[in-house]
Novice: 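I am attaching a structure below and will ask some questions about it afterwards.
Scope of the values below: all heavy atoms of this structure, side chains included, with no hydrogens, waters or symmetry mates.
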Amino acid sequence: GTLGERTVRAVQMAAKAGIEVVPATGRAFSTLPEEIRKMDCIRYAITSNGAAVCRMPSGERVWCSSVSAAAAERVLSEVRGRQDVCLEVFIEGRAYGERRYVENPAEYSRESAVRYVQSTRTPVDGIEKLICENAGRIDAVDIVCRDRGLLAMMEENLRRDLLDVY
């Protein structure tokens with residue numbers, strides 16, 4: 001993704017007026033548009049759907065709320081063995097996705113997401129192992145599924161069992 005000229009000017013004008021501009025995004029830090037990371041007037045960014053606050057432009061985490069090992073395991077148990085869903089995981093500001101998803105995002109998500117996913121996710125074989133090995137360092141685990149009804153059912157199951165799922 002990129003920022004339009006109008007947005008860049010608005011951010012710069014707000015900063016000149018003494019307003020602290022803090023981008024808030026669902027993105028992992030590493031996937032922030034380059035224009036945001038290069039803006040001297042932005043000192044912090046809220047990333048990974050609110051799971052981390054990072055100092056700009058370094059990405060140093062000044063606050064984070066990691067996914068618990070128990071919550072990660074519960075998500076894994078919900079999707080284990082399913083071929084119609086994939087996982088993405090954000091670990092300390094970096095985005096990873098199951099290789100089959102990163103190589104063919106349109107099969108699991110919107111066609112419009114293809115370029116974004118392929119340019120921002122590191123493909124992983126064995127994402128379950130990656131998640132288990134990084135317990136305590138995970139910003140977010142996302143279930144990717146084209147079938148909205150199935151996704152809603154899995155989310156409801158997880159909300160019933162976990163308090164910190166959104």
Side-chain angles (χ1 to χ4, degrees), residues 1-3 7-8 11 21-80 82-146 151 154-155 158 162-166:
T2 60
L3 291 182
T7 303
V8 171
V11 168
V21 178
V22 180
T25 179
R27 293 173 178 239
F29 180 83
S30 66
T31 69
L32 288 175
E34 195 64 31
E35 299 94 337
I36 290 177
R37 287 191 265 167
K38 287 183 174 179
M39 294 179 100
D40 292 340
C41 61
I42 297 178
R43 297 183 318 143
Y44 300 96
I46 300 168
T47 62
S48 299
N49 284 324
V53 177
C54 301
R55 191 175 321 279
M56 300 293 282
S58 69
E60 173 195 354
R61 297 155 71 86
V62 295
W63 181 88
C64 67
S65 176
S66 298
V67 174
S68 70
E73 176 51 42
R74 179 61 188 91
V75 171
L76 290 172
S77 72
E78 188 69 30
V79 303
R80 196 171 278 129
R82 297 197 68 103
Q83 293 303 306
D84 51 351
V85 300
C86 289
L87 293 175
E88 302 181 304
V89 60
F90 297 174
I91 301 171
E92 295 183 341
R94 297 219 153 284
Y96 303 86
E98 286 187 65
R99 181 172 303 282
R100 62 191 168 107
Y101 167 58
V102 175
E103 290 178 351
N104 190 10
E107 183 153 332
Y108 303 95
S109 187
R110 300 176 320 277
E111 184 72 37
S112 60
V114 171
R115 198 176 94 191
Y116 172 68
V117 169
Q118 291 180 333
S119 66
T120 60
R121 300 318 189 246
T122 300
V124 175
D125 294 316
I127 201 159
E128 183 170 342
K129 182 179 180 201
L130 179 71
I131 290 169
C132 291
E133 288 174 348
N134 286 281
R137 298 175 54 221
I138 296 172
D139 299 337
V141 178
D142 295 330
I143 299 171
V144 183
C145 178
R146 185 179 273 284
L151 182 60
M154 288 187 289
E155 287 174 344
L158 292 168
L162 301 169
L163 298 176
D164 57 351
V165 170
Y166 56 92

Novice: Can you tell if the side chain of Met154 reaches within under 4.5 Å of the side chain of Val79, non-hydrogen atoms only?
Specialist: yes

Novice: Let me confirm one number: the CD-CE distance from Glu35 to Met39, rounded to the nearest 0.5 Å.
Specialist: 8.5 Å

Novice: Spell out, as yes or no, whether a donor-acceptor pair under 3.5 Å connects the side chain of Ser48 to the backbone of Ala51.
Specialist: no

Novice: Do you know which two heavy atoms are closest between Ala28 and Gly93, and how far apart they sit?
Specialist: CB-O, 3.5 Å

Novice: Are Cys41 and Val21 close enough that some pair of their side-chain heavy atoms sits under 4.5 Å apart?
Specialist: no

Novice: For Val102 and Val117, which heavy atoms make the closest approach, and how far apart are they?
Specialist: CA-CG1, 4.1 Å

Novice: Among all residues two or more places apart in sequence or in another chain, which pass the side chain to side chain contact (heavy atoms under 4.5 Å, CB included) test with Glu111?
Specialist: Ala106, Val114

Novice: Do Thr25 and Ile46 come within less than 4.5 Å of each other through their side chains, counting heavy atoms only?
Specialist: no

Novice: State, with a plain yes or no, whether a side-chain heavy atom of Glu155 is found less than 4.5 Å away from one of Ile143.
Specialist: no

Novice: Mind listing the closest non-hydrogen atom pair of Tyr101 and Val144 along with its distance?
Specialist: CE1-CG1, 3.5 Å

Novice: Please report the interatomic distance CG(Leu130) to OH(Tyr96), rounded to the nearest 0.5 Å.
Specialist: 6.5 Å

Novice: Treating Arg100 as the side-chain partner and Gln83 as the backbone partner, does any N or O pair qualify as donor plus acceptor under 3.5 Å?
Specialist: yes

Novice: Of all residues at least two apart in sequence or in a different chain, which pass the side chain to side chain contact (heavy atoms under 4.5 Å, CB included) check with Leu76?
Specialist: Glu73, Arg80, Leu87, Glu128, Ile131, Cys132

Novice: Would you sort out whether Thr122 and Arg94 count as a side-chain contact (heavy atoms from CB on, under 4.5 Å), showing the intermediate values?
Specialist: CA-CA 8 Å; Thr122 300; Arg94 297 219 153 284; over 6 Å; no

Novice: Can you name the nearest heavy-atom pair linking Asn104 to Gln118, along with the distance?
Specialist: N-NE2, 4.4 Å

Novice: Between CD of Glu92 and SG of Cys64, what distance do you get to the nearest 0.5 Å?
Specialist: 7.5 Å

Novice: Under the salt bridge (Lys or Arg N to Asp or Glu O under 4.0 Å) rule, what pairs show up with a residue in residues 41-52, not counting sequence neighbours?
Specialist: Glu20-Arg43

Novice: Tell me the salt bridge (Lys or Arg N to Asp or Glu O under 4.0 Å) pairs involving residues 116-125, sequence neighbours left out?
Specialist: Glu88-Arg121, Arg99-Asp125

Novice: Applying side chain to side chain contact (heavy atoms under 4.5 Å, CB included), name anything that partners Arg74, two or more places apart in sequence or on another chain.
Specialist: Ser77, Glu78, Asn157, Leu158, Asp161, Leu162

Novice: Please identify each residue that fulfils side chain to side chain contact (heavy atoms under 4.5 Å, CB included) with Arg55, with sequence neighbours left out.
Specialist: Tyr44, Ser58, Glu60, Val62

Novice: Does Ile91 reach the side chain of Asp139, with side-chain heavy atoms less than 4.5 Å apart?
Specialist: no

Novice: What closest approach, in Å, do Pro23 and Ile36 show between heavy atoms, and which atom pair accounts for it?
Specialist: CG-CG2, 3.9 Å

Novice: Does any N or O in the side chain of Thr31 come within less than 3.5 Å of the main-chain N or O of Arg27, such that one atom is a donor and the other an acceptor?
Specialist: no

Novice: May I ask you to test the Met56-Leu32 pair for a side-chain heavy-atom distance under 4.5 Å?
Specialist: yes

Novice: Which atom names give the shortest non-hydrogen contact between Phe29 and Cys54, and what distance separates them?
Specialist: CD1-CB, 3.8 Å

Novice: Using a 3.5 Å distance criterion without hydrogens, assess whether the side chain of Arg146 forms a donor-acceptor pair with backbone atoms of Ser109.
Specialist: yes

